[in-house]
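The chains referred to below are lettered A, B, ... by the order of the sequence lines, with proteins before strands, and numbering in each begins at 1. We use all heavy atoms of the structure for the numbers below, so side chains are in, but hydrogens, waters and symmetry mates are not.
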2 protein chains.
Amino acid sequence: MEPSYLCADILKALAQPIRLKIVELLADGEHCVCEIFPAIAQEQSNTSRHLQMMLKSGILSQRKEGLKIYYSLRHPEVLEIVHLAETMVDHETMRRSALVKAKRSLPLSR
Amino acid sequence: MEPSYLCADILKALAQPIRLKIVELLADGEHCVCEIFPAIAQEQSNTSRHLQMMLKSGILSQRKEGLKIYYSLRHPEVLEIVHLAETMVDHETMRRSALVKAKRSLPLSR
DNA sequence: CCACTATATGATTATCCACTCATACATCCT
DNA sequence: AGGATGTATGAGTGGATAATCATATAGTGG
């Protein structure tokens, strides 16, 4: 019940490529499982497990309509987090390519 | 090399209670391993592994000074991400306690 | 009731993670 | 050089995670 564990659980729910794709898919609103799993090219069962995992960690919510179950993002913060992480990836990518370039002219520097 | 993998790696580097503690410790500036591992009550070797992991994922940087190696946060976005996750934990905690309260007066609702 | 569709879950497997202990490596001091 | 300190890493272990296949559950329509 310690806060750092809960916080880590939320981040863990986002720290997986397939789950990130699901989050990006849900960025424009709710979708049901039968829409999600073809869109991310995964098996239905695997998709369902990832959705359950995110639901339990509190970042998704569920809405049932007939046979279908629609999932959606519960907190706008999730998208902000993903966006910040993408910003960091961009910075890192630029930094690394700059390092490679620098190494070509100034070998053995760190 | 796909972007969603890199993004997931960054989030994975934050999605662990001990690493979150390290990040919070580094929020006020650089610290060396010998300061960090007693502060988070972990073995030196385990602490070092977590630091290496975060270094490789790109969220930390290293500075050597004599025997000591000082680690620091490379991107301010990391703190923003942790802060957003904490905000979500607060919202979830409030929601859940509200649900419990509601259940006591209106049992069997969802 | 039966067939059909949508979703969840048990069981299994392979892989990854966190941790520990011991040890190596690097740097400093005398 | 030798001892002390700070950090990293190899090897081993137990436990978590992700994926798959098969099956169960639940709602829908004939």
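- Considering only the side chain of A:Lys12, D:dT17 comes nearest among C:dT20, D:dT17, D:dA19.
- Side-chain N or O atoms of A:Glu24 include none that pairs as donor or acceptor with a backbone N or O of A:Lys21 at under 3.5 Å.
- Between B:Phe37 atom CZ and B:Asn46 atom CG the span is 11.5 Å, to the nearest 0.5 Å.
- Counting only heavy atoms from C-beta outward, the side chains of A:Leu20 and B:Leu11 approach each other to under 4.5 Å.
- Looking at heavy-atom distances under 4.0 Å, A:Leu51 makes no contact with the nucleic acid at all.
- Below the 3.5 angstrom threshold, one finds a donor paired with an acceptor across the side chain of A:Arg49 and the base of D:dT20.
- Within 4.0 Å (heavy atoms only), B:Gln44 reaches at least one base atom of the nucleic acid.
- Among the nucleotides D:dA19, C:dT7, C:dC19, the one closest to the side chain of B:Gln16 is C:dC19.
- Regarding A:Asp9, its CG atom lies at a distance of 15 Å from the C1' atom of C:dC17, rounded to whole Å.
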Please list, pair by pair, any protein nitrogen or oxygen found under 3.5 Å from a nitrogen or oxygen in nucleotides 26-30 of chain D.
{"unit_1": "D:dG27", "atom_1": "OP1", "unit_2": "A:Lys64", "atom_2": "NZ", "d": "3.4"}

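- For A:Asn46, the listed nucleotide lying nearest its side chain is D:dA18; candidates were C:dT20, C:dT7, D:dA18.
- Atom C1' of nucleotide D:dA8 and atom CD of B:Glu43 are separated by 14 Å, given to the nearest angstrom.
- As a whole-Å value, the separation of A:Leu11 CG from C:dC17 C1' is 17 Å.
- Distances were taken from every side-chain heavy atom of B:Arg19 (C-beta onward) to each of C:dA18, D:dA8, C:dA6; the shortest belongs to C:dA18.
- As judged by a 4.0 angstrom heavy-atom cut-off over every strand, B:Tyr71 is placed among residues touching the sugar-phosphate backbone only.
- Between B:Met88 and A:Ile81 the shortest side-chain heavy-atom distance falls below 4.5 Å.
- Rounded to an integer number of Å, the gap from A:Lys68 NZ to C:dC4 P is 18 Å.
- A:Ile69 places its CD1 atom 15 Å from the P atom of D:dT25, with the value rounded to the nearest Å.
- Of the charged side-chain nitrogens involved, at least one lies within less than 4.0 Å of a carboxylate oxygen, so that A:Arg74 and B:Glu92 count as a salt-bridged pair.
- What separates CD of A:Gln42 from P of C:dA8 is a distance of 16 Å, to the nearest Å.
- In terms of phosphate contacts, B:His50 brings no side-chain nitrogen or oxygen within less than 4.0 Å of OP1 or OP2 of C:dC17.
- One side chain, B:Gln52 or B:Tyr71, offers a donor N or O that lies under 3.5 Å from an acceptor on the other.
- The nearest whole Å value for the distance from the CD1 atom in A:Ile36 to the P atom in C:dA6 is 14 Å.
- Nucleic acid contact for A:Ser45: base, since at least one base atom lies under 4.0 Å from a heavy atom of the residue.
- Nearest nucleotide to the side chain of A:Ser48, out of C:dT20, C:dA8, C:dA11: C:dA8.
- A:Ile10 and B:Ala85 make their closest contact through CD1-O, 4.0 Å (heavy atoms, listed as atom of the first residue, atom of the second, distance).
- Counting heavy atoms from C-beta on, the side chains of B:Leu26 and B:His31 come closer than 4.5 Å.
- Between A:Phe37 atom CZ and D:dA18 atom C1' there is a gap of 18 Å when expressed in whole angstrom units.
- Residues B:Lys56 and A:Met53 each lie close to DNA chain D; by heavy-atom proximity, the contact nearer the 5' end of the strand is made by B:Lys56.
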